[in-house]
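Report on the following structure.
Just so we're clear, the structure is a prediction, and the values are computed from it rather than from any experiment.
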Amino acid sequence: MELPVELSLALRYLRPRRAFVSIITVFSFLGVMVGVATLIIVLSVMAGFQQQLTDKIIGFNAHITVAMADGSVLYDYEKLVDLIRKQPDVLAATPIIRGPVLVEHNGEMTPAFIKSVPVDGDDPVLPIKKTLIMGDWELHGDSVIVGKEWSKRNGAFPGDKITIYGAAQVQSFLHRNDKNAVIALPEEPIIRGVFQTGQFDYDLNYLLVSTEMAQSIWGMTDAVHGIAVRVRNPDDAQAVKDELNKVLPDTLHARTWMDDNQDLFNQIGVERVVMAIILCLILVVAGFGLCSTLITTTVQKSREIGLMKALGANDLQVGSVFLLHGTVVGIVGTAAGTIVGFILLDNLNVVRDFILYAFHIQVFASSVYGLPAIPAVVNTTQVIIINISAVLICVLAALIPALSAAKLAPARALRYE
């Protein structure tokens with residue numbers, strides 16, 4: 001099967017006799033390949049980080065939290081829990097207490113947060129028991145479970161006793177001169193276990209206690225800070241929140257996990273967009289290289305262009321030769337870049353280990369990022385957009401040389417022949 005004349009000439013021009021032009025063509029091809037591979041790898045890794053972060057946030061926080069709009073504590077919460085559980089798409093709802101405290105261990109005071117969880121760890125809203133890495137899940141009586149980073153930083157491990165000062169103790173201190181005031185003693189629980197969520201902030205700042213102990217620390221008899229809600233699909237939390245706000249009293253307000261972490265996810269989204277724009281410049285540079293190659297080729301092939309026109313070739317046919325030249329470079333370079341990108345994505349951690357072994361450079365420190373491996377999530381739509389954009393850039397880069405060749409007059413090209 002014979003190829004069209006325009007495509008046949010374009011393929012022949014990809015192998016020019018002059019070595020300099022050939023080198024420029026190779027670099028143009030490599031530029032497209034590297035640009036496509038880099039875009040696929042970086043955007044996939046950033047998407048992986050976002051998914052890992054989302055999983056960790058959802059794993060430690062409720063999909064929706066219902067609390068008083070003015071920030072006060074919530075009484076008679078059992079009826080509210082029953083009301084929320086009856087709503088569509090709501091799987092579970094439990095009362096929760098979470099707030100700042102001061103923790104004393106070996107004579108040193110550190111700030112932290114307490115979070116109430118069921119004593120047996122079987123929380124229908126947050127399956128947090130699976131994060132236990134040391135000790136036993138025991139929250140009956142005077143017991144507490146601490147985060148891994150808090151445990152490491154304070155040298156506190158299962159079996160050690162700590163002292164927790166909360167709002168109740170602060171109130172006692174403020175009313176210490178009142179003879180009728182009730183003195184609230186600090187809680188002195190024993191560390192029973194250590195948990196690790198993989199999110200540094202949670203592992204460093206949070207202590208898990210029973211609801212009864214949390215109420216004692218905060219001096220809140222028969223009251224909680226809010227209701228933690230789990231929905232069927234975390235991505236639908238916004239819609240479920242809107243429905244809840246319609247049936248809840250005006251004094252209550254529902255917030256989703258996306259509302260609480262909006263600034264963080266906005267920052268990640270901006271970083272992904274900026275990174276994509278910066279990496280696209282690699283493809284633009286490759287396009288400029290391809291454009292310069294084709295301009296050089298049109299000058300080199302001006303005699304052949306003149307002969308083609310003298311033999312009856314029209315402007316469209318002549319321009320198509322150079323346009324197809326750029327299109328072929330774009331398609332082949334994009335295909336090669338996509339293959340290289342997928343291969344590297346499958347072996348990112350192998351490459352990381354090799355760099356560490358050969359050059360002693362820590363590319364991805366698990367202790368810093370809290371992840372054992374480099375995460376990556378391939379978005380098929382995103383890959384298709386990258387491929388189409390790369391080919392379009394190459395076609396646009398070939399457009400100027402193609403128009404220049406199409407407008408070349410035969411008499412001028414053959415003047416000295």
Side-chain angles (χ1 to χ4, degrees), residues 57-85 87 90-103 111-129 131 139 143-147 150 164-172 174 184 186-187 189 195 197 199 201-202 204-231 234 237 240-241 244-245 247-262:
I57 289 175
I58 295 176
F60 196 77
N61 295 279
H63 298 164
I64 298 175
T65 303
V66 177
M68 297 292 290
D70 58 2
S72 60
V73 297
L74 181 61
Y75 294 93
D76 197 19
Y77 53 85
E78 293 296 342
K79 294 181 180 179
L80 180 61
V81 170
D82 293 336
L83 174 64
I84 294 174
R85 287 174 178 169
Q87 303 305 311
V90 172
L91 297 180
T94 57
I96 187 172
I97 298 174
R98 180 167 64 179
V101 295
L102 286 175
V103 184
F113 287 86
I114 60 169
K115 182 182 179 71
S116 65
V117 295
V119 293
D120 57 1
D122 294 329
D123 191 342
V125 175
L126 296 174
I128 201 170
K129 187 176 182 179
T131 63
L139 288 177
S143 302
V144 63
I145 297 176
V146 302
W150 188 93
I164 303 177
Y165 299 88
Q169 289 72 43
V170 174
Q171 290 293 330
S172 295
L174 294 176
E187 295 288 338
F195 71 88
T197 64
Q199 185 68 14
D201 180 61
Y202 299 150
L204 176 64
N205 296 314
Y206 277 88
L207 311 178
L208 305 180
V209 298
S210 64
T211 302
E212 291 75 13
M213 180 177 289
Q215 288 175 329
S216 175
I217 292 172
W218 272 80
M220 301 188 326
T221 304
D222 298 328
V224 295
H225 286 143
I227 307 297
V229 182
R230 183 179 184 86
V231 300
V240 178
K241 180 198 77 171
L244 281 175
N245 283 329
V247 299
L248 292 174
D250 295 336
T251 56
L252 296 172
H253 180 68
R255 289 178 58 86
T256 68
W257 64 274
M258 291 176 281
D259 296 331
D260 295 332
N261 299 275
Q262 186 174 4

*Whether Phe60 and Phe195 hold their rings parallel, tilted or perpendicular, with breakpoints at 30° and 60°*: parallel
*Would you check, one step at a time, whether the test side chain to side chain contact (heavy atoms under 4.5 Å, CB included) holds for Arg255 with Ile64?*
CA-CA 6 Å; Arg255 289 178 58 86; Ile64 298 175; over 6 Å; no
_Distance-minimising heavy-atom pair for Val81 and Ala93_ = CG1-O, 3.5 Å
*Using the side-chain contact (heavy atoms from CB on, under 4.5 Å) rule, pick out the option among Leu139, Val209, Thr211 that qualifies with Val117.*
Leu139
*Point-to-point distance, once rounded to the nearest 0.5 Å, from CZ of Arg85 to OG1 of Thr94*: 7.5 Å
*Find the distance between CG (Asn205) and CD (Gln199) and round it off to the nearest 0.5 Å.*
11.0 Å
*Please identify each residue that fulfils side chain to side chain donor-acceptor pair (under 3.5 Å) with Asn261, with sequence neighbours left out.*
none
*Ignoring hydrogens and geometry, is there a side-chain-to-backbone donor-acceptor pair from Gln215 to Ala223 under 3.5 Å?*
yes
*Taking all non-hydrogen atoms of both residues, which atom of Thr256 and which atom of Ala237 are closest, and how far apart?*
CG2-O, 3.5 Å
*Enter the distance from Ile114:CD1 to Glu187:CD here, rounded to the nearest 0.5 Å.*
9.5 Å
*Quick one: does Leu252's side chain get under 4.5 Å of Leu74's, heavy atoms only?*
yes
*asked:* Tell me the closest heavy-atom pair linking Ala112 and Trp150, and the distance in Å.
replied: CB-NE1, 4.3 Å
_Spacing of Ile57 atom CD1 and His63 atom NE2 [to the nearest 0.5 Å]_ = 11.5 Å
*asked:* I'd like to know if the side chain of Trp257 and the backbone of Pro234 have a donor-acceptor N/O pair within less than 3.5 Å.
replied: yes
*Listed once per pair and sorted, the side chain to side chain donor-acceptor pair (under 3.5 Å) pairs that draw on residues 73-84, sequence neighbours left out*: none
*Val240 versus Val231, closest heavy-atom pair with distance*: CG1-CG1, 3.8 Å
*Would you mind telling me which of Thr197, Asn61, Thr131 makes a side-chain hydrogen bond (donor to acceptor under 3.5 Å, both in side chains) with Tyr202?*
Asn61
*Go through the structure and list residues passing side-chain contact (heavy atoms from CB on, under 4.5 Å) with Thr251, not counting sequence neighbours.*
Met68, Pro249
*For the student: nearest non-hydrogen atoms of Met213 and Pro189, plus distance*: CE-CB, 3.9 Å
*Which heavy atom of Arg230 sits nearest a heavy atom of Pro127, and at what distance?*
NH1-CD, 3.8 Å
*Check whether any side-chain heavy atom of Ser116 sits under 4.5 Å from a side-chain heavy atom of Ile96, and report yes or no.*
yes
*Say you draw a straight line from CD1 of Ile227 to CG of Leu80; how long is it, rounded to the nearest 0.5 Å?*
5.0 Å
*Evaluate whether atom CG of Asp222 has more than 12 neighbouring non-hydrogen atoms of other residues, nucleotides or ligands under 6.0 angstrom away.*
no
*Can you tell me how far CG of Asp250 sits from CG of Asn245, rounded to the nearest 0.5 angstrom?*
10.0 Å
